[in-house]
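All figures in this text were calculated on a predicted structure; none of them were measured in a lab.
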Amino acid sequence: MDDLFGDAAQRLFAQAYAPDVQRAIERGEGAARAWQALEESGFLDALVPEQAGGAGLRLCDTLPLAHAAGWHGMGVPFVQTMLARAWLHAAGHAAPAGPIALAPFGAARDANGVVAPAVWAGGAAQWVLVALADGALLLPAEAAQRVPSGGHGSLDADMVWPVQATADATPLTGTSLAELAAAAAAPLLAGALERVLRMTVDYANDRSQFGKPIGRFQAVQQQLSIMAEQVWAARMAAQLAFQSAGTAPQPLLAALGKARTSAAATMVADIAHAVHGAIGVTEEYALQRYTRRLREWRRAAGAETCWQGRIGAAALAAHGESALSFLRTDLYAKID
């Protein structure tokens with residue numbers, strides 16, 4: 001099953017979201033045609049029950065799809081939409097067509113409308129699922145004022161909806177959108193981390209200095225080994241984030257997955273650029289696109305300190321259990 005999904009997703013993403021297509025999307029061009037390929041694939045409804053027109057898969061079954069999206073550095077909210085459609089179905093709300101962004105933190109409503117800062121992939125979304133104190137709202141992105149809030153090539157945006165655009169939206173309740181977004185980000189990070197490691201190892205084997213490949217120098221080998229350790233720890237963490245017998249992530253496992261993958265992002269990106277040297281930051285070379293995504297996804301849905309704090313709070317609330325007992329009974333016991 002993993003190979004079937006993973007191979008199919010790799011082929012689709014390589015064609016529909018080739019590097020030139022992604023560069024065009026970052027410039028605000030050609031997003032609709034590329035997204036239509038995802039709609040036609042059926043992957044977006046993978047978690048929706050069969051009786052509602054989906055594939056009826058479990059969250060753990062869809063990990064290869066999310067990992068492949070990270071491998072290709074897809075900035076559009078593919079994984080977020082896949083999880084959001086299942087969330088909306090569970091909340092009794094029909095999911096609309098088009099990309100759905102998640103805004104789990106920082107949104108507020110006042111007399112003037114709804115404000116959501118730094119919405120992850122909000123610039124590429126048609127809908128935004130916004131978490132508020134009295135429930136979540138599904139709001140049309142076109143009704144909002146959007147201001148880009150990320151760095152170069154980022155699709156993140158600050159979004160403001162006027163009160164008339166939110167008046168008819170019905171508050172929805174369900175599992176936490178924070179854990180949903182954290183789970184979505186973990187395999188994306190893991191996939192991009194693996195791609196960056198592959199690129200760096202290949203470059204170190206191809207680039208020669210003083211008559212031999214730089215990958216044969218002990219200092220470079222040591223850095224590559226650190227990268228590999230971080231990447232494979234992140235891969236395991238992403239698997240934990242998607243461990244669920246249903247369609248919703250388990251809160252502590254989602255927290256663990258996001259914390260560990262985010263922690264690996266900065267270290268791996270820094271080492272990759274150190275090994276590549278100046279070529280790594282050039283527009284023509286692909287590395288900078290993946291390391292930009294790593295830093296963007298590290299921040300999305302809360303960085304590692306946010307989720308480490310949640311895990312720590314859960315451990316402290318375990319009423320005197322030892323760390324080992326907490327791991328065995330409260331955290332890893334939830335693995336299916």
Side-chain angles (χ1 to χ4, degrees), residues 5 8-9 11-13 15-18 21-22 24-57 59 61-62 65-66 68-69 72 74-104 107 114 116 119-131 135-146 155-157 159 161 164-175 177 180-181 183-185 188 247-248 300:
F5 272 152
R11 290 192 297 270
L12 174 64
F13 299 158
Q15 180 177 5
Y17 285 89
V21 175
Q22 297 209 52
I25 292 173
E26 290 178 353
R27 297 192 301 267
E29 306 166 3
R33 181 176 180 180
W35 187 264
Q36 185 59 34
L38 299 182
E39 293 279 6
E40 294 172 356
S41 72
F43 288 153
L44 292 167
D45 292 316
L47 294 170
V48 176
E50 291 184 56
Q51 61 269 27
L57 299 180
L59 182 64
D61 297 325
T62 62
L65 304 180
H72 288 278
M74 290 169 55
V76 297
F78 163 69
V79 183
Q80 300 95 304
T81 302
M82 182 176 68
L83 270 63
R85 288 189 176 185
W87 190 97
L88 289 166
H89 176 81
H93 193 285
I100 304 172
L102 302 176
V114 172
V119 176
W120 178 20
Q126 292 182 20
W127 301 88
V128 182
L129 196 52
V130 183
L137 297 181
L138 183 65
L139 300 175
E142 65 179 10
Q145 177 186 0
R146 286 190 269 200
L155 299 175
D156 294 357
M159 305 184 71
W161 287 267
Q164 59 268 27
T166 66
D168 296 331
T170 303
L172 305 169
T173 57
T175 55
L177 290 184
L180 198 72
L188 288 172
T247 60

Next on the checklist: Please report the interatomic distance CG(L88) to NE2(H93), rounded to the nearest 0.5 Å.
Outcome noted: 6.5 Å
Checklist entry - Is there a donor-acceptor contact under 3.5 Å from the side chain of R85 to the main chain of V48? => result no
Next on the checklist: With heavy-atom distances below 4.5 Å as the criterion, would you say the side chains of F13 and L38 are in contact?
Outcome noted: yes
Next on the checklist: Please give me the minimum heavy-atom distance between A107 and A131, naming the atom from each residue.
Outcome noted: CB-O, 3.7 Å
Checklist outcome for this item: Heavy-atom closest pair (P99 atom, A124 atom, distance to 0.1 Å) is CG-O, 3.3 Å
Checklist entry - Does the side chain of Q80 come within less than 4.5 Å of W120's, by heavy atoms? => result yes
Next on the checklist: The test is side chain to side chain contact (heavy atoms under 4.5 Å, CB included); show your working for L65 and V79 and say whether it passes.
Outcome noted: CA-CA 8 Å; L65 304 180; V79 183; over 6 Å; no
Checklist entry - Atom CG in L57, atom OG1 in T62: separation rounded to 0.5 Å? => result 7.0 Å
Checklist entry - Is a salt bridge present between E40 and R33, judged by a nitrogen-to-oxygen distance below 4.0 Å? => result no
Checklist entry - Nearest 0.5 Å, what's the CG-CE distance between L139 and M159? => result 8.5 Å
Checklist entry - Do I100 and V128 have side chains that get closer than 4.5 Å, going by heavy atoms? => result no
Checklist entry - Nearest 0.5 Å, what's the OG1-CG distance between T81 and D45? => result 10.5 Å
Item to check | Heavy-atom pair of closest approach, residues M82 and A46 | outcome: SD-CB, 4.2 Å
Checklist entry - Does any N or O in the side chain of Q22 come within less than 3.5 Å of the main-chain N or O of H72, such that one atom is a donor and the other an acceptor? => result yes
Checklist entry - Is the distance between the ring centroids of Y17 and F78 under 6.0 Å? => result no
Item to check | Sub-4.5 Å side-chain heavy-atom contact between L172 and L137 | outcome: no
Item to check | Residue pair P49 / H89, side-chain heavy-atom distance below 4.5 Å | outcome: yes
Item to check | side chain to side chain contact (heavy atoms under 4.5 Å, CB included) between W161 and V130, worked out | outcome: CA-CA 11 Å; W161 287 267; V130 183; 4.0 Å; yes
